[in-house]
Asker: 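Following this message is one structure expressed as structure tokens.
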Amino acid sequence: MSSVPIQYSSDQAEAFDRVTQMLRGAGIDLDDSLLMPPRDGKSQVMALLGKAGSGKTLLLSELTKALQASGVEVVSGEYESRKMRDKRSLAVLAPTNKAAFVLRMRGVPATTIHRILYTPMYDPEYEKIAEWLAGHDDKPDIEGLTEEALTRAYDFYQLHKSIPGALAAAGLRGSDFITGWKRREHPLDIGFVDEASMLDDRQFEDLKEIFPTLLLFGDPAQLAPVNQAGGMVFDKLADVQKMTLSRVHRQDADNPILDLAHALADPSLDFHTFENMIQEAARKDDRVVWGQRVEVDLMARSPVLVWRNATRIRLINAFRSVYGAPETELLEGEPLVCDGIELPIKHRKKRIDLEARGLIKGAQVVYLGPGRKPGFSRLHVIGAEDPQVSAASIVKIEKPDEEEPFIPFAARMGATFLHGAAVTIHKAQGSQWDTVQVFAPDLYAAAQMGRSEAGQPLWKRLAYVAITRAQERLIWVVRNRLSKPADGLRIDDLRASTPAPFSLEAETQD
């Protein structure tokens, strides 16, 4: 059965042609599927920009397919064969686990920037299995692994193309075959970076060191990183290095969520008129909901998006209260957000271990229960390639009107977490959920303050980012109320989604 050919809009076709020309300069001819040596010392950076629905992800996907068809090897960040070093390579990157996960769900083999900056070191015996799975060697004979276990690994890899996942399917834990992580020593060829509006200057410089050919995909209407003084890395590029998609792709033309997001570009639109548009959309389409309360059952997997930190803390405590969570401990299934890694410099390897496994700042996590050692937690990292880890944890539960957070339990050092039932719109960038709840009173407060960012009213930029986090349904919550939970918190769905847990207890123990 032949696939339906892609029909590009005029600006998409022009962007594809310009990227093709850039890749030709890197020694890759997509028109004739020819690979040639790259031009030594010549680096290239381009940015493909556009608002939600303009077709950036479609182009990223089609360019990735075209490069693979030309013989370029995709680097996943989880395992690289030494036999690939003389081949042309591509890495599709995102700043967060969730952003990479969204791309993988759309068939794009994406990974996080951290997984490219740091590469795993494999036990030599199990590296033989990885070489076999990747198609570079014959099936190995490994002591202690049965033929049935190897078959399970092979079958898993055919579906998911994950070396750690395949080895886990064979009954191995991460600590059995990954001996550590190290900073990348060898540069790669081509990097595609999604959600480039989230990059800061340091990440951008790191990426340019690794990739002589770098293509950024970004939305200039997003919020800039907090430490970037209102600017984005692609703002500094010359005009000739930037391409802008101005049209909404026809497949997204009937999406009421995108219609609302694009309406925010009207300079005459005020907050009350915009809310009237939301009410009208909700009457016509069930993908938009005018919500009279926060739906608490959604908060464990899809946090409420807010602007003010005080609102976030208040909603988190209301969430814990309706589920009867005790102050002295966490309930299984409570959502957390990684707030960073607190380890001294001498424990740099442990930091790399944690970050490479997905525990990067901003990562969404579900608490699965205490670990086997005091101060450790079992965690499911949403969107990570190997989601289940056990790590030394410091969990902070912030309280309304109190300066110091309450800490139900803590290790002396390790990964730090805040509660994740509600998050700020800034932290939500790069993530998407099927259903998103936006706390409208916060955006009204921003509108009342009259603040601006990059020449736009702040409430409009906040609303744009919050609305475009929704893939299927938007709930615009207009009242400060919480519903009652229909059921208790659950983790059985997370356990069923992973063949075997990957433990970091050995690697992160003091």
Side-chain angles (χ1 to χ4, degrees), residues 6 8 11-50 55-77 80-95 100 103 107-113 115-117 119 134 183-196 199 201 203-218 233-245:
I6 298 293
Y8 295 122
D11 56 355
Q12 286 175 324
E14 180 184 356
F16 193 99
D17 290 343
R18 288 186 62 184
V19 175
T20 299
Q21 182 179 358
M22 178 184 75
L23 293 173
R24 195 175 291 120
I28 299 170
D29 189 333
L30 294 185
D31 294 328
D32 297 323
S33 296
L34 292 176
L35 300 182
M36 296 164 283
R39 298 176 184 175
D40 293 336
K42 183 175 176 62
S43 62
Q44 305 177 96
V45 179
M46 292 186 74
L48 198 159
L49 310 175
K56 298 187 301 295
T57 302
L58 174 69
L59 279 172
L60 190 157
S61 175
E62 292 304 309
L63 286 164
T64 299
K65 291 175 185 176
L67 284 165
Q68 288 179 293
S70 298
V72 176
E73 297 276 353
V74 175
V75 177
S76 68
E80 288 176 48
S81 171
R82 293 182 178 89
K83 299 179 181 180
M84 284 179 55
R85 288 182 183 165
D86 294 330
K87 298 183 179 181
R88 307 307 301 277
S89 59
L90 163 71
V92 183
L93 309 171
L103 287 175
V108 180
T111 189
T112 63
I113 293 171
R115 292 294 289 262
I116 290 298
L117 290 177
T119 58
R183 175 80 184 207
R184 175 173 296 280
E185 297 174 355
H186 304 281
L188 297 171
D189 276 336
I190 303 159
F192 289 173
V193 185
D194 197 27
E195 298 286 354
L199 294 179
D201 288 335
Q203 288 173 316
F204 188 39
E205 292 303 317
D206 284 343
L207 289 168
K208 286 193 290 186
E209 282 185 17
I210 295 172
F211 299 101
T213 299
L214 194 61
L215 180 60
L216 309 178
F217 295 78
V233 295
F234 46 72
D235 293 338
K236 301 174 184 177
L237 299 179
D239 289 343
V240 71
Q241 294 176 281
K242 293 184 280 191
M243 301 164 282
T244 300
L245 301 176

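The first residue of the sequence shown is numbered 1, and numbering continues consecutively from there.
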Asker: Could you measure the distance from the CG atom of Asp189 to the CG atom of Leu90? Nearest 0.5 Å is fine.
Answerer: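 Rounded to the nearest 0.5 Å, the CG-CG separation comes to 9.0 Å.
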Asker: Rounded to the nearest 0.5 Å, what's the gap from CD on Gln21 to CE on Met46? Could you check?
Answerer: 8.0 Å
Asker: Is there a side-chain contact between Leu67 and Leu23 in this structure, where contact means two heavy atoms from C-beta onward sitting under 4.5 Å apart?
Answerer: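 Yes, at least one pair of side-chain atoms sits under 4.5 Å.
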Asker: Considering all heavy atoms of both residues, which atom of Pro109 and which atom of Thr64 are nearest to each other, and what is their separation?
Answerer: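 Taking Pro109 first and Thr64 second, the nearest heavy atoms are CD-CG2, 4.1 Å.
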Asker: Would you mind reporting whether Ser70 and Leu35 have side-chain heavy atoms less than 4.5 Å apart?
Answerer: yes
Asker: How long is the span from the CD atom in Gln44 to the CD1 atom in Ile190, to the nearest 0.5 Å?
Answerer: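 Gln44 atom CD to Ile190 atom CD1 measures 9.5 Å (nearest 0.5 Å).
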Asker: As a quick check of understanding, evaluate side-chain contact (heavy atoms from CB on, under 4.5 Å) for Thr112 and Leu117, giving each step before the final call.
Answerer: CA-CA 9 Å; Thr112 63; Leu117 290 177; over 6 Å; no
Asker: Can you name the closest pair of heavy atoms from Leu188 and Pro212 and give their distance?
Answerer: O-CD, 3.0 Å
Asker: With side chains defined as the heavy atoms from C-beta onward, is the minimum distance between Leu93 and Gln203 less than 4.5 Å?
Answerer: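 Side chain of Leu93 against side chain of Gln203, heavy atoms only: no contact under 4.5 Å found.
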Asker: Would you call Phe204 and Val45 a side-chain contact if the rule is heavy atoms closer than 4.5 Å?
Answerer: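 Counting from C-beta outward, Phe204 and Val45 do come under 4.5 Å.
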Asker: How many angstroms lie between atom CG of Leu245 and atom CZ of Phe217, to the nearest 0.5 angstrom?
Answerer: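 Between Leu245 CG and Phe217 CZ, I get 9.0 Å after rounding to 0.5 Å.
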Asker: Taking side chain as C-beta onward, heavy atoms only, is Leu207 less than 4.5 Å from Ile116?
Answerer: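 Result no, sub-4.5 Å side-chain heavy-atom pair not found.
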Asker: Among Arg18, Met22, Arg24, which residue meets the side-chain contact (heavy atoms from CB on, under 4.5 Å) test with Thr20?
Answerer: Arg24
Asker: Give the minimum heavy-atom separation between Val108 and Ser61, together with the two atoms involved.
Answerer: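 Closest approach of Val108 to Ser61, heavy atoms only: CG2-CB, 3.8 Å.
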Asker: Got a second to check how far Leu103's CG is from Asp194's CG, nearest 0.5 Å?
Answerer: 4.5 Å
Asker: Is atom CG of Asp31 surrounded by more than 12 heavy atoms (other residues, nucleotides or ligands) closer than 6.0 Å?
Answerer: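 Yes - once you tally the heavy atoms of other residues, nucleotides and ligands closer than 6.0 Å, there are more than 12.
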Asker: Report the C-alpha distance between Met243 and Leu215 in whole Å, list the side-chain angles of each, state the deciding distance to 0.1 Å, and finish with yes or no for side-chain contact (heavy atoms from CB on, under 4.5 Å).
Answerer: CA-CA 11 Å; Met243 301 164 282; Leu215 180 60; 4.3 Å; yes
Asker: Indicate yes or no: at least one non-hydrogen side-chain atom of Leu59 is less than 4.5 angstrom from one of Val19.
Answerer: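 Of all side-chain heavy-atom pairs linking Val19 with Leu59, none is under 4.5 Å.
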Asker: Looking at Ala47 and Phe234, what are the two nearest heavy atoms and their distance?
Answerer: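 In this case the closest contact between Ala47 and Phe234 is CB-CB, 3.9 Å.
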Asker: So which atom in Ala66 and which in Phe16 form the shortest heavy-atom distance, rounded to 0.1 Å?
Answerer: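 Smallest heavy-atom distance, with atoms named: CB-CZ, 4.5 Å.
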Asker: With a 3.5 Å distance limit and no angle check, can you tell me whether Arg88 reaches the backbone of Met36 through a side-chain donor-acceptor pair?
Answerer: yes
Asker: Looking only at non-hydrogen atoms, find the nearest pair between Ala94 and Ala100 and report the distance.
Answerer: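 It is CB-N, 3.5 Å.
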Asker: Where do Ile28 and Thr213 land on the side-chain contact (heavy atoms from CB on, under 4.5 Å) test, with the steps shown first?
Answerer: CA-CA 11 Å; Ile28 299 170; Thr213 299; over 6 Å; no
Asker: Atom NZ in Lys242, atom NZ in Lys236: separation rounded to 0.5 Å?
Answerer: 12.0 Å
